[in-house]
*Asks:* 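Mind looking over this structure? Questions follow.
Reminder, nothing fancy here: chain letters follow the sequence lines and each chain counts from 1. Note that these values count all heavy atoms, side chains included, but never hydrogens, waters or copies made by symmetry.
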2 protein chains.
Amino acid sequence: MDGVLAAAARKEKRVPPGKPTPAQSPANIPGDGTRERILDAALELFGERGLHAASVRDVAKLARANVAAISYHFGGKEELYRAVATYIAGLIGDRVAERAPQVVLSPPPETPEAALAELDIVMETVVDVLVGSEDMRRVARFVLREQMQPSPAFDIIYDSVMQRLHERVCLAFGIATGTDGQSEAVRLRVFLLIGQAIFLRVGEAVVLRRLGLERYDERLLGEVKTMLKQHVRLIVEDLHRSAEA
Amino acid sequence: MDGVLAAAARKEKRVPPGKPTPAQSPANIPGDGTRERILDAALELFGERGLHAASVRDVAKLARANVAAISYHFGGKEELYRAVATYIAGLIGDRVAERAPQVVLSPPPETPEAALAELDIVMETVVDVLVGSEDMRRVARFVLREQMQPSPAFDIIYDSVMQRLHERVCLAFGIATGTDGQSEAVRLRVFLLIGQAIFLRVGEAVVLRRLGLERYDERLLGEVKTMLKQHVRLIVEDLHRSAEA
DNA sequence: TTGACTAAAACAAACGTTTGATCTATATCT
DNA sequence: AGATATAGATCAAACGTTTGTTTTAGTCAA
């Protein structure tokens, strides 16, 4: 479940006056996982309300911990916020890896057909992870908020996940269309294509209201996926034709 | 410049102990337009930082006004926030009306060709207003923030602008594709299409970083518009073919 | 005289942070 | 083995600051 980055984050623990933890203290027993509960509660509230609107007292209450535990474990509110960022960078990486392993692990596709198939998987994954999954909802909110108002935490997520993923998708798009996957045009177009799905989360309130729904259900997400794959196919095929000419 | 809604917002003024303003007091001269300066500063700071992160003291300072003037004119911070919402609802309406009058004023297009042309204009307008125009940047931020975290202010913007515009675009899309413009499928697809452009504002930080740019320039926006119109055309034509069969 | 506004101060509430005591599992010593 | 010391985790309480709001007094133009 845990990513490399999430694990790294745990080491960041503030060592009060004394010496650093002796390399591997086998998890301290008194009170179970307060640190993790705080991290989880912080993700929830920071994602829902943002850094300033969420108070450390509310975070502590949700985590069933004492307020002082936040300063104790993380150093302060801002450091907690950064810790959440590296925490979810790990979460996203893990989720993508288990949901679409070929995108992060396998070598890039070789034929346009295989590349198009990979793009289909990417679109489905984006919809599932970003819009569908209920437990990724707060993660998505946190990330979107960071995008609109980048803080130091933004670099953590960008460097470890976004840049890598976007690069890979551009590569596949280039192969599918027979064009240069490094070109500005391809990068831009990939953003536009993925932006379609992202808006479902950003503009959730408007979209649901206009559709007369309470929440996104399986039926609707299925329809969304079909549409997105159709859009991708139409655009890819058109570009492919142009590239051949 | 001012819209009906922006004008209406001005009436909401808190009438301190005394009587309501006599219907049309011809602008009070002592200290010029403090109310408007506060409204403007609030839009700036609320858009940039959000409701909680922007303090009334900062708003007052930016507006070169006294803190007490906020309570005096609007009643309090939350009321000021709502006033900003109706203020920008007017701004957006005005901007759309001057940029693409046919979309809000003219009767719906009758031929698929005319409808497709209108969709092109819509996409260009969305890019120009939402992404291009520098003075609409803070407005876009305010609205996007509201979408992610709807407050009572959300209804103001939704009811007066979004619902109307989306309905009109769906109508055009239906005519262009020869399908029912009221259907859920069309509504959804229109959101997806517009979402492409909106992501350029939401994910501005990632997009600019990936493109190696400092800001969106005319050249890039031109390319974006070309791409979006191409996407729309491909999708519309495909749906049109399916509808005829 | 009245309504719009400023300047400065005061206010209670909420905020992030710090303090000092307490608890408990473990390590050390006799 | 049993007593003692140690150190990290947790707690309630208090600290100083900032917050939104209100008050008081005064200025200025219509």
*Asks:* Can you find a donor-acceptor N/O pair under 3.5 angstrom joining the side chain of A:N66 to the base of D:dA9?
*Replies:*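 Check fails, no donor-acceptor contact within cut-off.
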*Asks:* Taking OH from B:Y81 and P from D:dT19, how many angstroms apart are they, rounded to a whole number?
*Replies:*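 Interatomic distance, OH of B:Y81 to P of D:dT19: 18 Å.
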*Asks:* Any carboxylate oxygen within less than 4.0 angstrom of a Lys/Arg side-chain nitrogen, looking at A:R141 and A:E204?
*Replies:*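 Yes, this pair counts.
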*Asks:* Identify the pairs formed between an N or O of the protein and an N or O of nucleotides 12-16 of chain C at a distance under 3.5 Å, and give each distance.
*Replies:*
from, atom 1, to, atom 2, distance (Å)
C:dG16, OP1, A:K77, NZ, 2.4
C:dG16, OP2, A:V56, N, 2.9
C:dG16, N7, A:R57, NH1, 2.7
C:dG16, O6, A:R57, NH2, 2.7

*Asks:* For B:R37 and B:A63, which heavy atoms make the closest approach, and how far apart are they?
*Replies:*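 Closest pair (atom of B:R37, atom of B:A63, distance): NE-O, 2.8 Å.
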*Asks:* Pairs in or reaching into residues 127-155 of chain A: which pass ring-ring contact (aromatic ring centres under 6.0 Å, His included), with residues at least two apart or in two chains?
*Replies:*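 Qualifying pairs: A:Y81-A:F142, A:F154-A:Y158.
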*Asks:* With a 4.5 Å cut-off on side-chain heavy atoms, are B:R95 and B:D135 touching?
*Replies:*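 Yes, close enough: below the 4.5 Å cut-off.
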*Asks:* When all nucleic acid strands are considered with a 4.0 Å heavy-atom cut-off, which category describes A:R64: base, sugar-phosphate, or nothing?
*Replies:*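 It contacts nothing in the nucleic acid.
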*Asks:* Just checking, is any N or O donor in the side chain of A:H166 or B:R210 under 3.5 Å from an acceptor N or O on the other one?
*Replies:*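 Judged by distance alone, the side chains do pair up.
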*Asks:* Over all strands shown, is B:A69 touching base, sugar-phosphate only, or nothing at heavy-atom distances under 4.0 angstrom?
*Replies:*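 It contacts sugar-phosphate atoms only.
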*Asks:* Just how far, in rounded Å, is P of C:dC5 from CD of B:E36?
*Replies:*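 About 9 Å, once rounded to whole Å.
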*Asks:* So B:A65, base contact, sugar-phosphate only, or nothing? Heavy-atom distance under 4.0 Å.
*Replies:*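 B:A65: backbone/sugar contact only, no base atoms under 4.0 Å.
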